[in-house]
Structure formats: structure tokens, C-alpha cells
Amino acid sequence: MEKLQCVIERITFHSEENGYSVLKVSARGFNDIIAAVGNMAEPHVGSCFNLYGEWKVDPKWGRQFSFVKSYETLPATANGIKKYLGSGLVKGIGPVYAGRIVDKFGEDTLEILDTEPDRLSEVPGIGPLRLEKIKKSWVEQKEIKNIMVFLQSHDVSTALASKIFKQYGNDSISIVTDNPYRLADEIWGIGFKTADTIAKKLGFGHERYERLRSGLFYTLNKLSELGHCFAYKPELVKAGMELLEVPERNINGTITAMLAAHDLNSELGKMSILPEDIAGPISLFSPEQEAKTMIYLPVFYRSEVGTARRLLNLLNASKTCFIDTSPEITASISSPVRYDETQLRAIQAAIENKVLVLTGGPGTGKTTTTLGIINAYREAGARILLAAPTGRAAKRMSEVTKMEAKTIHRLLEMKPPQGFQRNESNPLVGDVLIVDECSMIDIILMNSLLKAVPDNMTLILVGDVDQLPSVGAGKVLSDIIASEVVPVIKLEKIFRQAQKSRIITNAHKINKGEMPFLTDHDSDFLFAATEDAETAAERSENAADRVVDLCTNYLPRSLHIRPEDIQVLTPMRRGAAGSANLNMRLQAAFNPEGKSLKRAGIDYRVKDKVMQIRNNYEKSVFNGDIGFIESVNTEDNELTVIFDDSRRVTYDITELDEVVLAYATTIHKSQGSEFPYVVMPLTMSHYVMLQRNLLYTGVTRAKKGLILVGEKKAIYIAVKNDKITERNTRLAERLKEKSQGKSCEILD
């Protein structure tokens with residue numbers, strides 16, 4: 001192999017997933033800039049490397065140096081040091097301060113940083129605060145580089161090394177060496193496959209218990225991402241064998257050991273299996289019992305059992321009498337609104353019952369009925385709490401009710417790392433809790449909420465059960481209704497004012513399995529066909545082109561709609577009409593230039609619309625929250641996002657995998673949100689996602705206008721496909737069992 005000593009001048013492309021990089025480098029012995037391609041941990045402009053590989057001629061891109069190994073070296077020249085420090089490697093040093101520091105210390109700069117860092121105070125503009133930040137960051141990046149030297153041959157990126165260091169500090173190398181599978185179990189963003197790659201390089205045995213345990217955790221967590229609370233044992237064994245490539249006996253033995261260690265919970269049909277009851281491998285059960293055995297991660301088991309128990313405790317608790325429950329009293333609630341019979345029945349039920357579910361589609365009066373319930377309790381002097389799963393939903397609830405509404409996390413006073421401060425021992429204070437958008441609530445959050453609801457409180461759950469279920473595991477609202485244990489009022493009548501909206505009438509047609517009206521030109525629901533291309537791929541490309549044109553030309557220029565009021569919703573992340581590609585194109589159209597940080601091939605610019613994609617309790621920002629980048633600090637490699645018009649959250653560059661561009665987002669991620677105008681592509685390239693409840697959910701996100709872009713065939717398939725992907729849950733059965741007096745106690 002040839003050796004190329006070089007400095008990175010420009011990063012043309014870098015994949016966070018596999019490290020594949022296309023670089024422009026200046027190399028010793030060459031006058032011109034050279035293209036170098038190969039796998040490398042996250043590169044920085046100005047970094048010096050020895051690359052080992054060979055020269056190749058690509059048919060499209062020409063002569064390139066294709067490297068298979070890369071080793072970072074320190075820059076030797078003043079200019080190289082200036083680029084190196086100015087690349088954002090060290091917090092507190094950007095291009096400006098890098099220039100000042102190197103102008104002061106020249107080629108001795110790196111030695112000064114190592115041995116006499118306090119001398120940086122001699123540089124104009126570097127005060128005590130910046131000096132401390134630089135010193136701390138320089139030490140940390142050196143430690144990270146030590147980790148990188150250790151992990152470099154294991155295809156681990158700088159970003160992941162930073163996460164490892166943040167989690168374990170100076171113990172990083174010893175922890176990784178001892179049990180690399182801890183990375184997958186304990187650090188978000190590092191999956192089992194990455195940990196497994198490291199473990200193999202370190203010589204971990206294929207059948208080691210740590211590996212099998214982590215692989216089963218990974219499998220169950222992946223299933224939970226699909227909405228499942230548990231896996232049937234045969235399915236888990238099969239998936240484990242495929243992932244881990246070991247015999248069935250190894251998987252069975254690992255499951256048994258994990259049950260005994262309380263790492264898993266298991267149930268056989270309606271009978272709980274206590275770990276101490278297991279005298280041998282679980283495979284000693286009969287084939288019929290094997291097929292019915294359900295394996296839970298403990299958090300989902302406890303959440304499911306706890307939710308059922310708390311709901312029934314509330315139902316069985318005595319009702320505090322605030323209001324005369326006669327129909328005449330209910331009907332005379334002071335309100336300018338005239339309620340129909342079902343709405344009055346809902347208000348009456350909310351007064352009479354300890355727990356109530358109020359459900360219905362758009363335009364059926366859920367909000368009006370909720371206001372009636374609030375008015376009834378408010379007139380009686382009851383203390384009312386309002387909550388919703390997301391910041392946007394809570395804000396909308398506040399605007400409608402003219403009362404404070406909180407996110408569930410704020411209501412429960414989340415304080416990391418302790419968790420929710422409101423719980424059984426410190427319950428909520430109030431008489432009535434009304435929770436909106438309950439179809440979004442997953443089983444873990446519902447359990448946490450119910451723990452904090454005291455027995456003397458009335459609970460009213462409001463939501464549209466026909467929407468997509470929660471992003472997290474479970475189908476809580478659907479299961480509660482299916483149990484027939486909790487009183488349910490379903491609003492079905494579309495009110496006259498709502499009938500004027502084609503969005504609402506079409507949503508109800510879709511929900512009934514009927515094709516929506518697609519012909520009107522002067523309505524709030526428009527259809528833009530892209531069926532003139534021959535292939536599905538071309539039609540998908542056409543749909544993407546049409547979406548971009550509508551968002552950047554027709555809507556803002558012809559209808560004078562502000563770009564920030566437009567949201568693109570799409571069934572999938574991948575493909576030409578998927579959110580990833582549309583985000584890149586819409587960013588280029590709406591916000592092509594400006595101060596930015598680059599992460600995993602994405603430029604995060606000031607004014608970009610972004611979405612949080614995981615719950616981060618330390619920052620109090622949650623999966624699905626949408627905000628705008630307010631500022632970018634290239635000196636400290638940080639940016640600030642403003643959520644809900646007022647809440648500011650700062651991200652380090654290593655944390656940007658928690659944030660994605662949100663000009664376009666998937667319909668799943670849009671749950672609980674309303675947008676003034678929605679543009680939604682729907683083509684045959686989305687075939688695997690074409691389901692009625694997905695289309696219905698997307699349509700009902702639009703408040704003022706919706707443009708459906710794509711193919712009538714795709715719409716027809718979605719409308720007719722009412723097969724909802726089943727989720728493995730037992731909440732409905734648990735509610736039925738416990739209400740009938742059968743034991744279903746949580747395993748402590």
C-alpha cells in the first residue's frame with residue numbers, strides 16, 4: 001500500500017453510519033488538491049492524516065486515492081495548526097481565535113496548549129471564562145482521541161467516541177474492554193450491532209452470556225419501537241437466533257437466566273410466571289404453553305400491569321359530589337353553546353363517573369363538549385387540571401379553554417435524573433384532570449401519569465381513537481375502550497359549521513372506507529396528481545418536485561401563506577418523496593445559506609425548522625417537539641433551538657443526532673400537532689405504509705388547508721386498507737380480568 005501524508009482541506013461527503021468519506025486533501029509532494037475516499041472516523045478540516053491505500057481511476061469522478069487505513073497526526077506548520085484548531089475541534093476556539101492564537105505562538109501552539117495553557121490569556125479576547133472552556137475542552141478532546149486510537153480499528157466514529165467519553169469519562173477504555181455490550185444497553189445512539197463489532201474485535205466469544213443478553217434486549221427494544229409491549233417466546237427465540245447466530249438452546253438458556261435475574265418478566269396465558277417458580281429451562285413447558293408465553297422487558301410489564309391496576313382503583317373509588325347530577329342541572333350549564341343529546345350525555349357522564357373516555361373525529365364537537373365539562377366543574381368550584389402529551393397540544397388546549405394546560409411531563413414535574421416528582425407518594429393536587437390527545441400516550445407515560453392521580457380525582461381522557469396509535473409501545477386509548485370497563489362516549493355527528501370544511505368531511509369519508517372528494521378547486525382540500533410518469537420511481541420524483549414547488553412558489557406567492565405555516569407530512573422517511581430527501585430540498589429552497597454546524601452530512605442553519613426525535617429529560621424536550629434554530633455558535637460548536645415560541649434549548653454538536661430537519665416529517669411524528677397548511681405526498685412508492693388510519697391522521701393534522709400530492713391509486717389503496725398492524729399488548733385483557741376479580745398483581 002502507498003502512504004499519503006495529507007491535510008484535509010474540504011469534506012465533500014461523510015456518512016455517520018459507516019464512516020465512508022469523500023475528502024479533498026493537500027498532500028506532501030503534490031501541487032494540486034487530491035480526492036481521497038475511504039472509511040474514516042468523523043474528519044475535521046485542518047486535521048493531518050497518514051492515509052494508506054492505492055490510486056484508482058473512477059469512471060465518473062476521475063483519479064482518487066482510495067484508502068483503507070488512516071492515522072491522525074498533529075499538524076507541523078503554523079498554517080496547519082490554524083486550520084486544525086479552527087475546525088471546531090476545541091470549544092472556545094473558532095477560526096478567529098485560532099488565527100490569533102497561532103499568530104501569537106506559531107508552531108509552538110500545540111505544545112503551549114499541552115504544557116502552559118494559561119498562557120492563552122496573552123491572546124487578545126481570551127478572558128478567564130473562555131480560557132477555562134478551552135482548557136477543559138482541550139483535555140477532553142485529548143482523552144477522546146485516546147479512546148479513538150483504541151476504537152479506530154472498530155469503525156467507531158468520533159461522535160460515538162464523544163458519547164462514550166461523556167458517559168464513562170476516563171473509565172471509557174476499561175469499561176469498553178470489560179464489556180462493550182454496555183454501550184448498547186446504556187448509551188442512546190449506540191446499537192447492539194456497533195457494540196457487537198467492537199466486541200468481536202476484542203475477542204469476545206460468540207456465545208458469551210453478555211452478548212446473548214444484550215442481543216435479546218436489543219430485539220425486545222426493536223419490537224417496542226414497533227409498538228409491542230411484549231414478544232411471544234417463539235418469536236423472540238427465532239429473532240434471537242437470527243440476530244445472534246447461535247442455537248436455540250443458547251437463547252432458551254439466556255431467557256431463563258434473564259428471568260431469574262429479573263432482567264425480564266414472563267407470563268403464560270393468564271398466569272404470571274414468577275422467576276422463583278422456574279426450576280428448569282422454560283422450554284420444558286408444552287408446545288401449547290410455549291406458544292402462549294409472553295416475554296416482557298420489565299418497564300413494559302410493570303407499566304401495563306400498573307396502568308390496569310390504577311384505572312380500576314380509580315373506577316372503584318368513591319366519587320366526590322360537586323354537582324347535582326340531574327339532567328336539568330346539566331342542561332342549564334351557563335354557556336352560549338347549545339349541546340346536542342350526545343354532548344349532554346357526555347357532560348352528564350363526566351359528572352357522574354370517576355373515569356371517562358371522550359372520543360370522536362374532527363368536527364364532532366370534542367372541544368365544545370370538553371369546554372362544557374370544564375364549565376360544569378368550574379361552576380361547582382372544582383379544581384381542574386389540564387394536560388396533553390406534547391407542547392403543541394398543550395398550547396392549543398390553553399388557547400381553546402383560556403386555562404393553563406401543561407404537558408404531561410411538566411404536570412408530573414420531571415426532574416432528571418430523579419424522574420417524575422409527582423407519583424404515588426406525592427400525587428397531583430386537584431379534583432378533575434382532563435387529558436387531551438390521549439391516542440398519543442404510550443403505556444409507560446400512562447402508567448407514570450396514573451401513579452400521580454389520587455383516588456379522589458376524576459379522570460377524563462379525550463382523544464380520537466381512529467388516529468394512529470402512539471409512537472411508543474402500546475395502544476392505550478384503544479385498549480381502554482376495547483376493555484369495556486371504562487365508560488366511553490363517542491361523538492359521531494358532524495356539526496353544520498364543520499360540514500363546510502372539505503378537510504373534515506373527507507376525513508370522515510376516509511374513516512368510513514370511502515374515497516375522498518378530489519375534484520374541488522375552491523376548497524380547503526386540494527389534490528395534485530402526479531400520475532403522468534411511467535414508473536413508480538419517476539412518479540415519486542414528480543411528487544417530490546411538486547411538493548417543493550407548492551411549498552416554495554404556489555402557497556407563499558399565489559396564496560400569500562407564510563412558509564412557517566406550511567408543513568409537509570409524508571408516510572415514510574426514505575425515498576424521493578420521503579422526509580429525508582424533502583428536508584434537504586426544502587432547506588435548500590427556504591434557507592440555503594447562513595451560519596451552520598454540520599453533523600452526519602446535514603447542515604443545521606440559523607432559522608431551520610427542526611424536530612427532537614427522542615425524549616431528553618435533562619433538556620426537558622421530547623420526541624416530536626418542533627422548534628426553530630435561533631443561533632449557531634461555531635466557536636463552541638453549539639446551537640440553540642427555540643421551542644413553543646419561548647423555550648430555549650442548547651445542543652452540543654455531538655447531540656445533534658437527537659435533532660432532525662422538520663420542513664418535512666413523517667405522519668407518525670406529526671401526531672398531536674395541528675398545522676395551518678399541510679402538503680402531503682402519497683404515491684405507490686409508499687405502498688407498505690398505505691393504511692387508512694395513516695391517511696386519516698395526516699388529513700386531520702391540517703387546520704386551514706391541505707394539498708394531497710400523488711396518485712389516486714395510492715389513495716384508494718390506503719382508504720381500503722383498514723388492517724391495522726396489531727401490537728402485542730394485554731392492557732384490555734388485564735382490565736377485564738381485574739374487573740372480574742381475577743388476580744393480576746404486579747411482580748415485585
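Just so you know, residue 1 is the first one in the sequence shown, and it goes up from there. All values reported here derive from a predicted model rather than from experimental measurement.
Side-chain N/O atoms of D464 and S439 include no donor and acceptor closer than 3.5 Å. Looking only at atom types and distance, the side chain of E304 has a donor-acceptor partner in the side chain of Y296 under 3.5 Å away. Checking K669 against N623 by side-chain atom types alone, a donor-acceptor pair falls below 3.5 Å.
Residues S483 and L731 have side chains not in contact (no heavy-atom distance under 4.5 Å, counting atoms from C-beta outward). For the pair L315/P487, a side-chain contact is recorded, criterion being any heavy-atom separation below 4.5 Å from C-beta on. At least one side-chain heavy atom of E248 sits less than 4.5 Å from a side-chain heavy atom of V237. Put simply, the side chain of I460 does not reach to within 4.5 Å of the side chain of V435, judged on heavy atoms.
Screening E638, K619, Q612 for a side-chain hydrogen bond (donor to acceptor under 3.5 Å, both in side chains) involving Y651 leaves a single residue, Q612. Put simply, the residue from L445, N447, I441, L449 that forms a side-chain contact (heavy atoms from CB on, under 4.5 Å) with T307 is N447.
Side-chain atoms of S214 never come within 3.5 Å of backbone atoms of R211 as a donor-acceptor pair (strictly under, hydrogens ignored). Within the 3.5 Å criterion, the main-chain N or O of A580 finds no donor-acceptor partner in the side chain of R573. Without hydrogens or angle criteria, K354 side chain to M457 main chain gives a donor-acceptor distance under 3.5 Å. Checking side-chain atoms of N423 against main-chain N and O of A452 turns up no donor-acceptor pair under 3.5 Å. Between the side chain of N721 and the backbone N or O of L690 there is at least one donor-acceptor pair closer than 3.5 Å. The main-chain N or O of V621 is never found under 3.5 Å from a side-chain atom of D625 such that the two would form a donor-acceptor pair. With hydrogens and angles disregarded, a donor-acceptor distance shorter than 3.5 Å links the side chain of Q421 to the backbone of G419.
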May I have the step-by-step check of side-chain contact (heavy atoms from CB on, under 4.5 Å) for T194 and L183, ending in yes or no?
CA-CA 9 Å; T194 299; L183 305 180; over 6 Å; no
Might you work through the ring pair (Phe, Tyr, Trp, His ring centres under 6.0 Å) test for F192 and F217, ending with a clear yes or no?
CA-CA 9 Å; F192 170 79; F217 275 147; over 10 Å; no
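Not counting sequence neighbours, the partners of F420 by the ring pair (Phe, Tyr, Trp, His ring centres under 6.0 Å) test are H409.
The aromatic rings of Y181 and F204 lie perpendicular to each other, with more than 60° between the two planes, well past the 30° mark.
Atom CD of E207 is separated from atom OG1 of T254 by 9.5 Å, given to the nearest 0.5 angstrom.
Within 6.0 Å of the CD atom in E618, the count of heavy atoms belonging to other residues, nucleotides or ligands does not exceed 12. Annotation: R422, atom CZ; neighbour count of heavy atoms from other residues, nucleotides and ligands within 6.0 Å is above 12.
Here the closest non-hydrogen pair linking E437 and Q467 is OE1-OE1, 4.2 Å.
Here the two rings, on F300 and F230, have centers that are 6.0 Å apart or farther.
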